[in-house]
A.B. asks: 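A single structure is presented below for examination.
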Amino acid sequence: MNLMRNIRWANYCFAVLSIAAALTFLIGNNVNSGVTLAQDAPASESTQATFTNATPITIGTTAGATGNPYPSAITVTGLTGNIANTAGSVKVTFNNFSHDFVSDLGIVLVGPGGQALLIQDGPGGEDPISNLTYTLSDTGTALLPEASAWGAGTFKPTAYFTDDSFPAPGPGTNYQHPGPAGGFTATFSSTFGGTAPNGTWNLFVVDFVNGDGGTIAGGWTLEIITSGGAPVPDAQGDYDGDGFTDYAVVRNAGGINGQITWHISHNVSAIPRAQPWGFGLDSFVPADYDGDQKDDIAIWRPGIQSAFHIIQSGTNTLRTIEFGTGGDNPSIVGDYNADGTDDVAVYRQGATAGAQSFFFVSYGGIIYSLPWGLNGDVPAPGDYDGDNRMDFGVQRDEGPNSVFYIRYTVPQPDTVTTLGKAGDMVVPGYYDADAKTDLAVITENAGGFFEWTYRPSSGGPDVVDEWGIAAMGDLPVPGDYNGDGKNDYAIWRPGASAGAQSTFFVMRPITRVIETRPWGLGNDAPVNFTFTHF
């Protein structure tokens, strides 16, 4: 087996029993997907709010001159929910804008979580603009023109250059790009949708060419629409419902029958929690099984009749759901019918090389099966179309390549996508916060580092970064550790000995902001490693 697929598997992943019995499953009646659909996505209340910083922004006349102030800040408070994943959820209005040579100018917007979007760079040609008020929004009817001035109205974010850098404390070139330059297609909603709105928003303005200046005499206005829930994705491993992935490990008292204790360090409060639950052969499958926006401590116990054993956080009661059989993979749990509650599910490999594999999902008292994937494939479930339902995905090694096959819960054409190398670990997630799962892999490169690659579902080039070292025993633990609606690159590094301190290391994509949390001991296992597939 490829090294990347063998890392600490015996100690930390799913224990498998070779039991030659099987359950009888009811086949769904949807011809295309094999799944019977339930209700539509739950409705959610929305809130619209407008904030203005009326302080003028003065734009200098020398190359690289930054606006004064730099940045210009707006503090957003009092909003509930997260920014909606819809066009028009974020709008920026420039009040009384003037510039002698407007294409010299670049403007980037940075949200409270560090997410950044280049909203204007290079439109207008040689024309001056005087005392103009206009708005940038995904709902704009057109791009800002490249070679001429424009009038009042609403336009889409527009950039005609690909390499302009905004000096510190600006984001440099670490921003999402709207195009049309470079074929990029980022939007306000793909950059900020699903993130927390409250906090400081910063507007960075730079004049990149000598000789002309300007002003935004009336400052700028920020309009935000939030949504009370769906389609903002839950943070994986959020045990207290605050939107942040918590730091969690499990500790075995000894052997396959040893008592397992969950040790959780809540992300924001750092309050520790210890909960005995499970034994050495169990798999760790935390998810929100009771719909209270908190992940429940849960295990899946393999056997002739396997079962999920759940501590429901909403009521602190125990729940057992018989489901699956020994040899199944329960790491595909999730919300398959958009009711706001995670469903029990298992993936069953085909019995022999090349044989048909199956997804099995239970909701509404009915068990559904979908033949998808072949023996040797790796499950890669996710909400790839942003409809709040998990879709059925597998990753397959084809020659030197890693290829993803996706079948959607709501019938539409299947997709086949090549990303990564054969043997890569699979870590799909919401890396660009557009409420669609992004395909993502981890490769061990020639230097022994973990190389994370994700393909933004919002468009644009693949994003690649190094984080983690195979030789240190690092394990990927994907999740949203800062509550911004995006997955972070995260690894857990075990202590050098059984009782030595272990540590979580987290880095934000694009911004490369880093945080650490010492948590766990050398022989522990990080819970979120469950959701790394290989």
A.B. asks: Taking the six-membered ring for Trp, are Trp452 and Tyr489 closer than 6.0 Å centroid to centroid?
C.D. replies: yes
A.B. asks: Take the angle between the ring planes of Phe358 and Phe360 and call it parallel below 30°, perpendicular above 60°, tilted in between.
C.D. replies: parallel
A.B. asks: Quick check for you: to the nearest 0.5 Å, what is the distance between Asp343 atom CG and Arg389 atom CZ?
C.D. replies: 11.0 Å
A.B. asks: Check whether the side chains of Arg517 and Ser265 place a donor and an acceptor atom closer than 3.5 Å, and report yes or no.
C.D. replies: yes
A.B. asks: Output the distance between atom CZ (Arg508) and atom CD (Gln115), rounded to the nearest 0.5 Å.
C.D. replies: 10.5 Å
A.B. asks: Phe192 versus Leu109: any side-chain heavy-atom pair under 4.5 Å?
C.D. replies: yes
A.B. asks: Please report the closest heavy-atom contact between Pro330 and Phe308, naming both atoms and the distance.
C.D. replies: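 Reported closest heavy-atom pair: CB-CZ, 3.9 Å.
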A.B. asks: Using 30° and 60° as the class boundaries, would you call the ring planes of His309 and Trp277 parallel, tilted or perpendicular?
C.D. replies: perpendicular
A.B. asks: Between Asp335 and Asn337, is there a donor-acceptor pair closer than 3.5 Å when you use the side chain of the first and the backbone of the second?
C.D. replies: yes
A.B. asks: Please answer whether the main-chain N or O of Gly243 pairs with a side-chain N or O of Asp238 as donor and acceptor at a distance below 3.5 Å.
C.D. replies: yes
A.B. asks: Any side-chain donor-acceptor pair under 3.5 Å between Asp292 and Ser313?
C.D. replies: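 Judged by distance alone, the side chains do pair up.
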A.B. asks: Strictly by modelled atom types, are Thr139 and Ser137 linked by a side-chain donor-acceptor pair under 3.5 Å?
C.D. replies: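 A donor-acceptor contact under 3.5 Å links the two side chains.
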A.B. asks: Mind checking whether Phe534 and Phe529 have ring centres under 6.0 Å apart?
C.D. replies: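 Yes - the distance between ring centres of Phe534 and Phe529 falls below the 6.0 Å cut-off.
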A.B. asks: Please assess Tyr408 against Thr415 for the test side chain to side chain donor-acceptor pair (under 3.5 Å), listing each intermediate value before the final yes or no.
C.D. replies: CA-CA 9 Å; Tyr408 296 90; Thr415 57; 3.0 Å; yes
A.B. asks: Can you tell me which residue among Asp288, Asp290, Thr317 is in a side chain to side chain donor-acceptor pair (under 3.5 Å) with Gln312?
C.D. replies: Thr317
A.B. asks: Measure the CD-OH distance between Gln275 and Tyr239 for me, rounded to the nearest 0.5 Å.
C.D. replies: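 Output value for this atom pair is 11.5 Å.
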A.B. asks: With the side chain counted from C-beta on, respond yes when Phe188 and Leu117 share a heavy-atom pair under 4.5 Å apart, and no when they do not.
C.D. replies: yes
A.B. asks: Ignoring hydrogens and angles, tell me if any N or O in the side chain of Asp296 forms a donor-acceptor pair with the backbone of Ala298 under 3.5 Å.
C.D. replies: no
A.B. asks: With a 4.5 Å limit on heavy-atom distance, are the side chains of Asp377 and Tyr405 in contact?
C.D. replies: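 A side-chain contact under 4.5 Å is absent here.
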A.B. asks: Using ring-ring contact (aromatic ring centres under 6.0 Å, His included) as the criterion, point out the one residue from Phe392, Tyr336, Tyr363 that pairs with Tyr368.
C.D. replies: Tyr363
A.B. asks: What closest approach, in Å, do Ile491 and Pro476 show between heavy atoms, and which atom pair accounts for it?
C.D. replies: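 Between these two residues, the closest heavy atoms are CG2-CA, 4.1 Å.
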A.B. asks: Checking Asp295 side chain against Gly237 main chain: does a donor-acceptor pair fall under 3.5 Å?
C.D. replies: yes
A.B. asks: Compare all side-chain heavy atoms of Asp414 with those of Trp372 and state whether any distance is below 4.5 angstrom.
C.D. replies: yes
A.B. asks: Taking atom types as modelled, is there a side-chain donor on Asn198 or Thr77 under 3.5 Å from an acceptor on the other?
C.D. replies: no
A.B. asks: Begin from the C-alpha positions of Ile311 and Leu318 and carry the test side-chain contact (heavy atoms from CB on, under 4.5 Å) through to its verdict.
C.D. replies: CA-CA 5 Å; Ile311 302 176; Leu318 306 183; 3.7 Å; yes
A.B. asks: Regarding Thr443 and Glu451, is there a side-chain donor-to-acceptor distance under 3.5 Å anywhere?
C.D. replies: no
A.B. asks: Between Asp246 and Asn267, is there a donor-acceptor pair closer than 3.5 Å when you use the side chain of the first and the backbone of the second?
C.D. replies: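 Confirmed, Asp246 side chain pairs with Asn267 backbone.
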A.B. asks: Measure the shortest side-chain to side-chain distance between Pro71 and Leu203 over non-hydrogen atoms and say whether it is less than 4.5 angstrom.
C.D. replies: no
A.B. asks: When you compare the side chain of Thr187 with that of Pro157, does any pair of heavy atoms fall below 4.5 Å?
C.D. replies: no
A.B. asks: State whether the side chain of Trp467 and the backbone N or O of Pro509 hold a donor-acceptor pair below 3.5 Å, judged by distance alone.
C.D. replies: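 No, because the side chain of Trp467 does not come within donor-acceptor range (under 3.5 Å) of the backbone of Pro509.
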A.B. asks: Please lay out, stage by stage, how Asp328 and Arg348 fare under the test salt bridge (charged side-chain N to carboxylate O under 4.0 Å, His left out).
C.D. replies: CA-CA 5 Å; Asp328 290 347; Arg348 183 170 301 166; 2.7 Å; yes
A.B. asks: What closest approach, in Å, do Pro302 and Asp282 show between heavy atoms, and which atom pair accounts for it?
C.D. replies: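 Reported closest heavy-atom pair: CD-OD1, 4.3 Å.
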A.B. asks: Between Gln501 (side chain) and Gly520 (backbone), is there a donor-acceptor pair under 3.5 Å?
C.D. replies: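 It does hold such a pair.
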A.B. asks: Rounded at 0.5 Å granularity, tell me how far OG1 in Thr437 sits from CG in Asn487.
C.D. replies: 8.5 Å
A.B. asks: Taking all atoms of both residues into account, what is the closest heavy-atom pair of Ser89 and Ala84, and its distance?
C.D. replies: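 Result for this residue pair: OG-O, 2.9 Å.
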A.B. asks: What heavy-atom pair brings Gly258 and Asn252 nearest, and what distance separates the two atoms?
C.D. replies: CA-OD1, 3.3 Å
A.B. asks: What are the two closest heavy atoms between Ser189 and Asp138, and how far apart are they?
C.D. replies: N-OD2, 2.9 Å
A.B. asks: Determine yes or no for a side-chain-to-main-chain donor-acceptor pair under 3.5 angstrom, with Asp488 supplying the side chain and Val506 the backbone.
C.D. replies: no
A.B. asks: Output the distance between atom CD (Gln395) and atom CE (Met425), rounded to the nearest 0.5 Å.
C.D. replies: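 Reported to 0.5 Å precision, the distance equals 12.0 Å.
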A.B. asks: Could you check whether Arg301 makes a cation-pi contact with Phe279, meaning its NZ or CZ is under 6.0 Å from the centre of the six-membered ring and within 45° of the ring axis?
C.D. replies: no
A.B. asks: Given Tyr247, which partner from the list Trp262, Trp519, Phe504 fulfils the ring-ring contact (aromatic ring centres under 6.0 Å, His included) test?
C.D. replies: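 With Tyr247 as partner, ring-ring contact (aromatic ring centres under 6.0 Å, His included) holds for just one option, Phe504.
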A.B. asks: Less than 4.5 Å apart, side chain to side chain, heavy atoms only: is that true for Gln349 and Tyr347?
C.D. replies: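 Gln349 reaches Tyr347 side chain to side chain.
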A.B. asks: The test is side-chain contact (heavy atoms from CB on, under 4.5 Å); show your working for His263 and Thr261 and say whether it passes.
C.D. replies: CA-CA 6 Å; His263 293 272; Thr261 299; 3.5 Å; yes
A.B. asks: Any side-chain heavy atom of Asn329 within less than 4.5 Å of one from Pro379?
C.D. replies: yes
A.B. asks: Please walk me through it: do Leu222 and Val92 pass side-chain contact (heavy atoms from CB on, under 4.5 Å)?
C.D. replies: CA-CA 5 Å; Leu222 176 67; Val92 172; 4.1 Å; yes
A.B. asks: Between Thr245 and Asp480 (side chain of the first, backbone of the second, donor and acceptor by atom type, cut-off under 3.5 Å), is there such a pair?
C.D. replies: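 Yes, the answer is positive, given that a donor and an acceptor are paired below the 3.5 Å cut-off.
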A.B. asks: To the closest 0.5 Å, what do you measure between OG1 (Thr75) and CH2 (Trp201)?
C.D. replies: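 Reported to 0.5 Å precision, the distance equals 12.0 Å.
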A.B. asks: Working note: Ile224 + Val76, criterion side-chain contact (heavy atoms from CB on, under 4.5 Å); need CA distance, chi angles, decisive distance, verdict.
C.D. replies: CA-CA 9 Å; Ile224 294 175; Val76 172; 4.0 Å; yes
A.B. asks: Scan Thr52, Asn53, Thr50 and name whichever one has a side chain to side chain donor-acceptor pair (under 3.5 Å) with Thr221.
C.D. replies: Thr52
A.B. asks: Just checking, any donor-acceptor pair under 3.5 angstrom between side chains of Asp424 and Ser402?
C.D. replies: no
A.B. asks: Donor-acceptor pair, distance only, cut-off 3.5 Å: does the side chain of Asp432 make one with the backbone of Ser457?
C.D. replies: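 Present.
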